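Before any comments, here is the structure.
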Amino acid sequence: MYRRVSIDKALAGVKSSWREVQEQVKEQEDAIRFLAEHDAELVRRGAVIVRDYCDNDTPASDPFIVRDDFEAMLKDLESGVIKGVLFLHSDRLARLVYDAARVCRIFEMHPDYIGRAVEGGVNLATIEGRGMFVIQATMGNMEIGNIKRRTKRTNRRIANKGAMHGAPRPFGWSEDRKTLHPKEAAFLLKAIRAVPGGLKVGTFRRQLMEFGYEPKKTKRSKEGPREIQHSAAEAILINPRNAGFRMYAPQDERRSAGHLWLPDYIVRNSEGEPIPGDWQRACEPDEYWACVSEIKRRKDVNRKETQGEPHDTTVKYFLSGIARCGKCLSPMYSNPYTPGTSSYDKWAFRYACLVSQGGCGGVTRCGPPCDDLVETAFLLGTRQGLGEAVEKAAEDIDETVHDARLSEIAAEMEDVRQRRQDKRISMGQSLDAIEELERERDELLGRRGKLALQKKRKKLLSPDALAEWTDLAMEEKRARLTQSIRSVIIHPMGRGKRFDPEFIEIVWHEEAEEK
């Protein structure tokens, strides 16, 4: 006996309760048992229900979903553990042609098997019955395709109006998904603002776990909490709803594309501007675009450097890669002392010019004193006037410089559409013009995001931004440091000597430009 009832909200459009589903499953069981006990042929052949396969709340119309009991039933049929199957209707057993063909194959190999439906007249033991079974599955598949197409069109229309669509509660919003969650929204806003300042997605992922966030559709780790994937943490940061923008990504594209770049799915009006949603936004649009642009830049860099290989997304050392060897000017990297030695107990790590990284191997220096020296000099220099100058430079950046041209492009696109509607130009000519204008529009939108990112970076050295220095993640501190310090030169000083600040040279950006 095989039973199945699915709550398919996307297709049915009706929200059934758990109790209603249980009642429907019980009704199927009663109908199947009545057939087994009262059908003359089944009684004559001594048919007895020995196993119950039930895929409750599992759609049969989705090729990406595996029905566990359905697969177990096929396996038992093939091995001869059971000699047939009874079911309510063919659409309860198979709604995809592929699944119907798998069932028919088994019954063609075993013509003595029993395969009967309570409703629909399907008898899998006959050629005609198997043909009817496949036809019903084909028609069911066509019905599913039509419903999905209408659903997709409806969802797009809802998105164009800026209204929300049914979905789980997003991180940062309350249960109504419209008002901001007091704690989560503040946490999210801080992270979005911190990304242009150096906060990495890997660090944000760790902070999410420390915050107590648990994703809904992942397995729990052995320690207890559910694991947060890197892509899930990234999706939280680049979600267009953070800036109040409506997005729409069809389900088929979500599955075929894997990890979507969500900003590409922002719904826009005829002028190319994002359509606002009917919820409170978690950040300002310029803050969102600065965050998105920085993450996109890092992904492009990492893709070139690692060629798709896994890479570390966290930073542990203040000057690693920023410090340079005073002998060969190669970058110096962190290198731990041997555990158990006096140097390890006192300093833990050092900066070294590594031969394996193309250096000469001739200079090493204990790490913590170098970090303290450079950090003190950086904060002192910033507070003495560098920050104010950079903040003024930030105000000179106008991220709206391309807005006039974007408005012109929107008007030109509307003119092309009107000319096509009036049949003054061909469809090919209108598509050529529209596609060219879309490319220019997308390029200008990208430039606007980069300008917003530059403006945010310039503000990193303002006195207000540095007030929370001690609370910043290591990569955020490094990002601020490199805004004003070009490099830290560690000159050789001989072995066995005490740390001497005179052998540490800080090269400032202004100083380098003057030279």
Side-chain angles (χ1 to χ4, degrees), residues 197-198 200 202-203 297-298 301-302 304-307 309-384 386 390 457 460-461 466 469 472-515:
K200 290 196 172 183
T203 303
R297 184 193 66 81
R298 294 177 195 169
V301 171
N302 288 330
K304 292 178 181 179
E305 292 181 350
T306 64
Q307 296 181 348
E309 298 176 0
H311 56 278
D312 189 9
T313 59
T314 59
V315 178
K316 299 180 181 179
Y317 301 99
F318 192 46
L319 299 178
S320 184
I322 299 174
R324 288 182 175 272
C325 172
K327 291 181 66 176
C328 67
L329 294 182
S330 294
M332 299 178 69
Y333 299 95
S334 59
N335 187 261
Y337 284 107
T338 303
T341 62
S342 58
S343 296
Y344 178 83
D345 296 336
K346 186 176 182 180
W347 304 118
F349 74 97
R350 58 191 167 186
Y351 292 112
C353 180
L354 302 175
V355 176
S356 61
Q357 298 294 328
C360 64
V363 177
T364 61
R365 198 65 42 85
C366 48
C370 294
D371 290 352
D372 293 340
L373 174 67
V374 175
E375 181 179 26
T376 301
F378 164 70
L379 293 175
L380 181 62
T382 301
R383 287 164 181 160
Q384 285 180 345
L386 179 61
V390 175
R457 282 181 169 176
L460 293 178
L461 299 181
L466 292 177
W469 176 262
L472 298 177
M474 180 60 72
E475 56 261 34
E476 295 178 83
K477 292 182 177 181
R478 285 168 54 92
R480 283 160 172 75
L481 180 76
T482 53
Q483 289 292 308
S484 56
I485 293 180
R486 181 177 181 178
S487 185
V488 176
I489 310 300
I490 300 179
H491 296 283
M493 56 179 288
R495 293 183 179 276
K497 294 184 179 180
R498 290 180 175 274
F499 179 82
D500 189 345
E502 294 296 326
F503 290 87
I504 305 295
E505 180 184 355
I506 299 176
V507 181
W508 301 81
H509 277 296
E510 281 93 354
E511 189 175 314
E513 290 174 0
E514 291 175 1
K515 291 180 180 180

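Throughout, residue positions are numbered sequentially from 1 according to the sequence presented. Any value given below was found using the heavy atoms of this structure, including those in side chains, with hydrogens, waters and symmetry copies removed. None of the values given here were measured: they were computed from a predicted structure.
What you find for L472 and K477 is that their closest heavy atoms are O-CE, 3.7 Å. The two residues Y333 and S320 make their nearest non-hydrogen contact at CD2-OG, 3.5 Å. Of all heavy-atom pairs spanning C360 and K327, the tightest one is SG-CB, 4.2 Å. Minimum interatomic distance between R478 and I322 (heavy atoms only, all atoms of both residues): NH1-CD1, 3.9 Å. In terms of heavy-atom proximity, V363 sits nearest to M332 at O-CE, 3.5 Å. Residue G359 comes nearest to C353 through the heavy atom pair CA-SG, 3.5 Å, listed as atom of the first residue, atom of the second, then distance.
When side chains are defined from C-beta on, I490 counts as touching C370, because their heavy atoms get closer than 4.5 Å. Annotation: side chain of I504 is in contact with side chain of F499 (closest heavy-atom distance under 4.5 Å). In this structure, the side chains of F349 and D371 come closer than 4.5 Å at one or more pairs of heavy atoms.
With rounding to the nearest 0.5 angstrom, the CE atom of M493 is 10.5 Å from the CZ atom of R498. Remark: L481 CG to I506 CD1 distance equals 8.5 Å, nearest 0.5 Å. Distance check, rounded to the nearest 0.5 Å: CZ of R324 to CD of E505 gives 12.5 Å.
Results of the side chain to side chain contact (heavy atoms under 4.5 Å, CB included) test with I485 over V374, L319, V507 single out V374 as the only residue that passes.
With hydrogens and angles ignored, the 3.5 Å screen pairs a side-chain donor or acceptor of R365 with a backbone N or O of H491. Side chain of S334 to main chain of Y351: no donor-acceptor pair is present (N/O by atom type, distance under 3.5 Å, no hydrogens or angles). Using a distance-only test at 3.5 Å, with no hydrogens or angles considered, no donor-acceptor pair links the side chain of R486 to the main chain of W508.
With 3.5 Å as the limit, one finds no donor-acceptor pair spanning the side chains of N335 and Y317.
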